Trainee: 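Provided herewith is a single structure, encoded as structure tokens, for subsequent inquiry.
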Number of protein chains: 2
Amino acid sequence: MIKRTKGVTISQVADAAGVARSSVSRAFTRPDMLSPETVTRIMKAAEALGYVPNHTARALSTGRHGNVGLIVPDIANPFFPPLIQAAQLEADRSDFCIFLGNTEENPTQEDKLVGRFAGQVEGLVLASSRLSDERIRAHANLLPLVLINRDIDGIPRVLIDSGSGVREAVEHLARLGHRRIVYVSGPSNSWSNKQRRTAIKAAASKLDIVVETVPAVLASYNSGRNAVSAILATGATAAVAFDDLTAQGVLAGLSEKRVSVPGDFSLIGCDDVLGAVTYPALTSVSNRSTEAGRVAVSLLLDMLQSRAIRDVRYVLETHLVVRNTTAAAR
Amino acid sequence: MIKRTKGVTISQVADAAGVARSSVSRAFTRPDMLSPETVTRIMKAAEALGYVPNHTARALSTGRHGNVGLIVPDIANPFFPPLIQAAQLEADRSDFCIFLGNTEENPTQEDKLVGRFAGQVEGLVLASSRLSDERIRAHANLLPLVLINRDIDGIPRVLIDSGSGVREAVEHLARLGHRRIVYVSGPSNSWSNKQRRTAIKAAASKLDIVVETVPAVLASYNSGRNAVSAILATGATAAVAFDDLTAQGVLAGLSEKRVSVPGDFSLIGCDDVLGAVTYPALTSVSNRSTEAGRVAVSLLLDMLQSRAIRDVRYVLETHLVVRNTTAAAR
DNA sequence: GACTTCCATGCAACCGGTTGCATGTCAAGT
DNA sequence: ACTTGACATGCAACCGGTTGCATGGAAGTC
């Protein structure tokens with residue numbers, strides 16, 4: 001049988017130390033209110049009994065549980081783990097714990113999780129939320145909320161601007177002498193995809209470069225691989241892919257067709273999730289997901305402390321990370 | 001200013017419905033004890049007021065918070081996200097929430113997290129714990145614990161037996177004619193590392209193959225890359241790396257030294273986290289991390305429900321997934 | 001020496017639920 | 001018609017802390 005750890009309570013410590021319960025409580029929360037000797041005596045008794053304050057009881061009376069929630073659409077998407085990690089680290093610095101929720105890209109599940117978390121966290125970070133603006137607003141009325149990659153007036157938000165990095169990518173290719181490039185697009189209903197395609201077209205037209213779009217349908221390795229024939233058919237000498245996974249597929253497809261990268265063809269990914277761990281190292285647009293996670297939690301903790309809500313709109317610019325899949329045009 | 005959401009309490013609902021607090025409580029927890037009409041009336045009142053039971057208060061009196069903790073050494077390691085995802089899904093099926101902890105591979109941090117979680121979760125899953133057996137045993141005395149990839153008698157554990165897959169890897173290499181191979185080892189305090197090294201040595205000696213060990217210190221791309229000189233110095237024609245990240249680093253290092261894979265050298269990873277998305281596709285040992293996450297949480301919830309601790313040792317076998325980084329020895 | 005001031009500590013109410021037991025009611029049993 | 005029991009509901013204690021206010025004693029003031 002499980003040993004039911006009957007926790008040591010504040011009363012037991014109080015008895016052992018010969019003081020009132022309130023004094024024990026103060027010894028832990030505001031020792032300056034007590035005489036040093038009393039504190040010492042209480043601490044000794046607590047130590048001897050192995051007393052640990054009950055988090056739940058404390059939360060009940062103070063209303064502060066020292067937890068924040070983080071909800072993401074898909075943990076398995078490599079974009080999120082660094083974000084989660086950074087959020088965790090930032091929370092930890094203030095002795096907060098993280099509740100993690102994964103919605104499987106499902107708004108209903110997301111709503112359910114928010115509700116379930118609401119009672120036990122002081123605030124919430126929603127990353128790439130799939131909820132409607134109205135639902136988000138409704139939640140924001142109930143507890144402090146910070147958004148990542150959702151732009152809603154009046155709710156503090158952290159936005160990753162992939163446009164800036166994509167622009168740099170095009171400029172980089174232009175400098176290398178490429179005049180005709182391909183954008184291997186991602187899911188047509190993706191906001192990021194639109195953002196990236198728009199940025200590429202704008203940058204290219206300014207530099208007098210021709211851009212063609214080849215759809216990859218899904219953001220995946222196989223889609224990228226299947227797109228290779230179409231890419232080569234355009235006669236382009238370089239490509240920017242919707243994300244790193246797609247780029248990696250393109251890389252594989254090119255290799256099978258004996259097109260060497262970067263010798264014969266230059267390739268750039270997006271999100272920089274694989275760049276540093278694959279070979280050849282992929283030139284990619286940074287994602288800043290680490291900063292996003294850190295900043296979002298930091299913003300949230302600020303709100304909790306100041307009890308004030310500011311209309312923050314924190315934009316993170318992205319940049320091109322040049323590695324080994326881009327070179328001068330043949 | 002933040003709207004301090006003064007939660008609707010059970011008393012308010014009781015007043016509105018003209019019943020005692022206890023009846024409201026029962027309407028939510030054991031409606032069968034009340035007459036159907038009363039339940040309806042209470043529910044209506046609750047609905048009208050927007051009442052939501054206070055999770056913390058409930059936890060305080062029942063001792064059940066409906067949370068379980070999951071602690072992993074490194075979220076950013078692609079081995080863990082699928083595990084976390086599966087754990088989350090399983091917890092969700094029983095309406096439990098997941099507390100996520102990331103230890104950064106640091107035992108001190110792990111200890112700290114366990115302590116911090118202890119007060120607010122009913123049980124804990126420790127994945128690939130870096131703690132000593134003693135510390136783990138100590139924690140297991142305080143609350144229900146399930147381990148993943150740690151084999152300690154008396155504590156329920158889910159083990160991914162990479163031994164079976166590694167054995168297949170060695171046999172595969174033997175069939176291809178390799179007689180001298182290298183094991184690129186991972187963190188020395190990792191249980192998986194020991195398991196893999198042991199399995200390789202056993203399989204190799206049975207097949208009359210020479211194995212040398214080259215340490216990579218950390219499970220990372222850079223460690224793998226730095227290990228390449230040492231690997232080549234052994235004169236081996238093939239290597240098995242502690243994990244896919246390390247393997248990918250080795251791949252990059254080999255490529256820089258103009259050693260072609262699989263032409264001149266065969267390489268096998270472990271955990272199969274990158275195999276399908278990189279080029280060349282990495283031959284690797286499957287990981288089963290999804291099952292591990294699911295089973296661990298399911299085991300934990302069982303323990304919580306039955307209040308009994310069984311000495312479960314759940315082993316998941318792995319297999320070799322042959323892709324394109326292995327070929328006949330020169 | 002009497003009077004204020006201040007500080008350390010205790011008392012008791014409170015946070016928002018749950019639950020064992022007591023009570024009242026109504027229908028069935030004899 | 002009276003007992004018995006089942007059932008619905010209320011009462012009050014409890015979970016383990018926190019905190020505003022009261023109290024008593026020591027130190028400071030005149």
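On a predicted model such as this, the values are computed, not experimentally measured, just so you know. Below, chains carry the letters A, B, ... as their sequence lines are ordered, and counting in each starts from 1.
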Trainee: Tell me which nucleotide among C:dG16, C:dA8, D:dT18 gets nearest to the side chain of B:Asn54.
Mentor: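 Of all the options, the side chain of B:Asn54 is nearest to C:dG16.
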Trainee: Between A:Asp15 (CG) and C:dG10 (C1'), how many Å, whole number?
Mentor: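 Checked: the CG to C1' distance equals 14 Å.
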Trainee: How would you list all residue pairs meeting ring pair (Phe, Tyr, Trp, His ring centres under 6.0 Å) that involve residues 16-39 of chain B, not counting sequence neighbours?
Mentor: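 Qualifying pairs, neighbours excluded: B:Phe28-B:Tyr51.
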Trainee: Identify which one of A:Asn54, A:Thr56, A:Asn67 satisfies the side-chain hydrogen bond (donor to acceptor under 3.5 Å, both in side chains) criterion when paired with B:Gln120.
Mentor: A:Asn67
Trainee: Scan residues 22-32 of chain B against DNA chain D and write down, sorted by residue number, each residue with any heavy atom closer than 4.0 Å; if none is found, say none.
Mentor: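 Residues of residues 22-32 of chain B under 4.0 Å from DNA chain D: B:Ser22, B:Ser23, B:Arg26.
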Trainee: Where is the tightest heavy-atom contact between A:Ile148 and A:Ala292, given as atom of each residue plus distance?
Mentor: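 Minimum heavy-atom contact is CD1-O, 3.8 Å.
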Trainee: Rounding to a whole Å, what distance do you find between B:Ile10:CD1 and C:dT19:P?
Mentor: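 Whole-Å distance recorded here is 11 Å.
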Trainee: Over how many whole Å does the gap from A:Gln12 atom CD to D:dG16 atom P extend?
Mentor: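 Taking CD of A:Gln12 and P of D:dG16, I get 9 Å after rounding.
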Trainee: For B:Ile84 versus B:Leu100, what's the shortest heavy-atom pair and its separation?
Mentor: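 So the two residues come closest at CD1-CD1, 4.2 Å.
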Trainee: On DNA chain C, check which nucleotide each of B:Leu60 and B:Met33 is closest to and give me the residue with the more 5' one.
Mentor: B:Leu60
Trainee: Map B:Ser35 and B:Thr62 onto DNA chain D by nearest heavy atom, then report which one ends up closer to the 5' terminus.
Mentor: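 The 5'-side residue here is B:Ser35.
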Trainee: For B:Ile42 and B:Val13, which heavy atoms make the closest approach, and how far apart are they?
Mentor: O-CG1, 4.1 Å
Trainee: Counting only side-chain nitrogens and oxygens, does B:Thr38 get under 4.0 Å of the OP1 or OP2 atom of D:dT9?
Mentor: yes
Trainee: Between B:Glu105 and B:Arg130, does any side-chain N to carboxylate O distance fall below 4.0 Å?
Mentor: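 Between B:Arg130 and B:Glu105 there is a salt bridge, with a charged N closer than 4.0 Å to a carboxylate O.
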Trainee: Choose from D:dT9, C:dT18, C:dG16 the nucleotide whose nearest atom is closest to any side-chain atom of B:Leu34.
Mentor: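 Shortest atom-to-atom distance from the side chain points to D:dT9.
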Trainee: Round to the nearest Å and state the distance from B:His65 atom NE2 to D:dG17 atom P.
Mentor: 12 Å
Trainee: Round to the nearest Å and state the distance from B:Arg58 atom CZ to C:dT19 atom C1'.
Mentor: 13 Å
Trainee: With the side chain of A:Arg21 defined as its heavy atoms from C-beta on, choose the nearest nucleotide among C:dT19, D:dT9, D:dG17.
Mentor: D:dG17
Trainee: Output the rounded distance in Å from CZ (A:Arg64) to P (D:dT18).
Mentor: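 About 13 Å, once rounded to whole Å.
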Trainee: Is it true that A:Arg93 and A:Glu90 have a side-chain N and a carboxylate O under 4.0 angstrom from each other?
Mentor: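 A salt bridge is present here (some side-chain N lies under 4.0 Å from a carboxylate O).
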Trainee: Under 4.5 Å between any side-chain heavy atoms of A:Leu301 and A:Glu122, yes or no?
Mentor: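 No, too far: nothing below the 4.5 Å cut-off.
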Trainee: Under 4.0 Å between a side-chain nitrogen and a carboxylate oxygen: does that hold for B:Asp133 and B:Arg150?
Mentor: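 Salt bridge present between B:Asp133 and B:Arg150.
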Trainee: Going by heavy atoms closer than 4.0 Å, what residues in residues 40-52 of chain A are next to DNA chain D?
Mentor: A:Tyr51, A:Val52
